[in-house]
Every structure is written in structure tokens, then in C-alpha cells.
Amino acid sequence: MKLSKSLLPALLALCLFGAAHAAEDASHYLLTPAVMQKFKALDAEAGKLKLNGKDEDDQDDGDRDDSIEGIIRKIESDPRTKAALARHGISPREYAHAAYAMLQAGMYVGMESQMDKKGREKLYASYTREQKANIALMRNYVPAQKK
């Protein structure tokens with residue numbers, strides 16, 4: 001199972017609700033091409049190792065903490081995942097922040113063609129400088145959507 005599949009439900013919830021629960025302001029995390037390459041390599045390794053072997057259906061939603069700190073605790077409690085991150089030079093904290101930033105920027109890029117111009121401009125204007133840079137970077141990774 002790919003790491004992206006096993007953590008996707010938690011990361012989606014993190015994107016939607018995590019900002020309110022974050023101990024740090026994740027909206028100021030700046031993605032870099034190097035971080036994107038680390039994630040790509042990590043994803044390939046995670047598929048081979050079958051990290052976080054639980055399927056999303058096996059998770060108990062009542063015990064989930066989708067805050068950035070909760071994601072960090074979940075990673076730190078799984079020695080294989082923590083070791084895989086370390087092999088790629090990614091700390092659990094960096095992973096949580098970068099995953100949040102990628103998901104947020106990717107969702108914007110994926111949906112921007114479906115928004116009206118005024119709404120798109122208003123939403124974009126509400127983002128931090130780092131979020132805008134993350135969106136620009138993510139445009140290289142997310143295929144453009146046609147109307």
C-alpha cells in the first residue's frame with residue numbers, strides 16, 4: 001500500500017480542519033523542488049514496504065487526531081514509517097507540514113479552472129506568500145484542468 005493512500009484520508013481531513021488545530025501556522029510552510037523529490041522517492045519506497053498497512057476502512061474515526069501534531073504523533077508511533085522518512089531526510093514534522101502544503105496547493109490548482117474569475121482571485125488573495133509560492137510550484141506537478 002502506498003504511503004499516499006494510507007495517509008490520504010488523514011491528510012484530507014488535515015487540509016480541511018487541521019489549520020484550526022495546528023500548534024504552528026502551517027500556512028507559512030514553503031515547499032521546494034527538493035522536498036517534492038523526497039516525497040516522490042518516499043512514495044516509491046512506501047509502496048514496496050507497505051507502510052501503514054491498515055486500510056482506511058480499518059481506522060477508528062473516533063480516535064483520529066487530524067491536526068498537524070496528531071499526524072506527527074501517528075508517524076512517530078510507527079517505527080517503519082519514521083525510519084523510511086529518516087532515510088529520505090524528512091522529519092515527521094516536515095512531513096506533516098509539507099503534506100498539508102501539497103494537499104492545499106494541489107486542491108487549489110486542481111479546482112481553479114472550475115472557479116469563476118472573481119472567486120478565484122479572492123481566494124488566491126487570501127493566501128500567504130508561501131501558499132502562493134506552493135501553488136506556483138504545484139502547477140508543475142498537477143495537470144491543468146480544462147473547463
Side chain to side chain contact (heavy atoms under 4.5 Å, CB included) evaluation trace for Glu112 with Leu123: CA-CA 10 Å; Glu112 70 182 324; Leu123 179 60; over 6 Å; no
Audit row: Leu103, Met107, side chain to side chain contact (heavy atoms under 4.5 Å, CB included) steps and yes/no: CA-CA 6 Å; Leu103 188 58; Met107 288 177 68; 4.1 Å; yes
With a cut-off of 3.5 Å and sequence neighbours excluded, list every side-chain donor-acceptor pair involving residues 130-138.
residue, atom, partner, partner atom, Å
Glu130, OE1, His28, ND1, 2.9
Glu130, OE1, Thr128, OG1, 3.4
Gln131, OE1, Thr128, N, 2.8
Gln131, OE1, Thr128, OG1, 3.4
Asn134, OD1, Leu31, N, 2.7
Asn134, ND2, Tyr29, O, 2.8
Asn134, ND2, Glu130, O, 3.4

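In this structure, Thr81 and Lys74 have side chains that are not in contact, with every pair of non-hydrogen atoms separated by 4.5 Å or more. The shortest distance between side-chain heavy atoms of Met36 and Met102 falls below 4.5 Å.
Here the OG-CD distance, from Ser126 to Glu121, works out to 12.5 Å after rounding to the nearest 0.5 Å. Distance check: Ser27 OG to Arg129 CZ gives 11.0 Å after rounding to the nearest 0.5 Å. Going from atom OH of Tyr100 over to atom CD1 of Ile71 covers 12.0 Å, rounded to the nearest 0.5 Å. With rounding to the nearest 0.5 angstrom, the CZ atom of Arg73 is 5.5 Å from the OG atom of Ser67. To the nearest 0.5 angstrom, Tyr95 atom OH is 11.5 Å from His88 atom NE2.
In terms of heavy atoms, Ala96 sits closest to Ile72 at CB-CG1, 3.8 Å. Minimum interatomic distance between Gly89 and Lys38 (heavy atoms only, all atoms of both residues): O-NZ, 3.2 Å. Across all their heavy atoms, Ile68 and Ala26 have their closest contact at CD1-CB, 3.3 Å.
Scanning for side chain to side chain donor-acceptor pair (under 3.5 Å) contacts around Tyr127 gives Gln104, with sequence neighbours left out. In terms of the side-chain contact (heavy atoms from CB on, under 4.5 Å) criterion, residue partners of Gln37 (sequence neighbours excluded) are, by chain and number, Lys40, Tyr141.
Using a 4.0 Å cut-off between a side-chain N of Lys or Arg and a carboxylate O of Asp or Glu, Arg93 and Glu69 qualify as a salt bridge.
Connection of Tyr108 to Leu30 is not established within any shared hydrophobic cluster, with ILVMFWY side chains joined at heavy-atom distances below 4.5 Å, either directly or through further cluster members.
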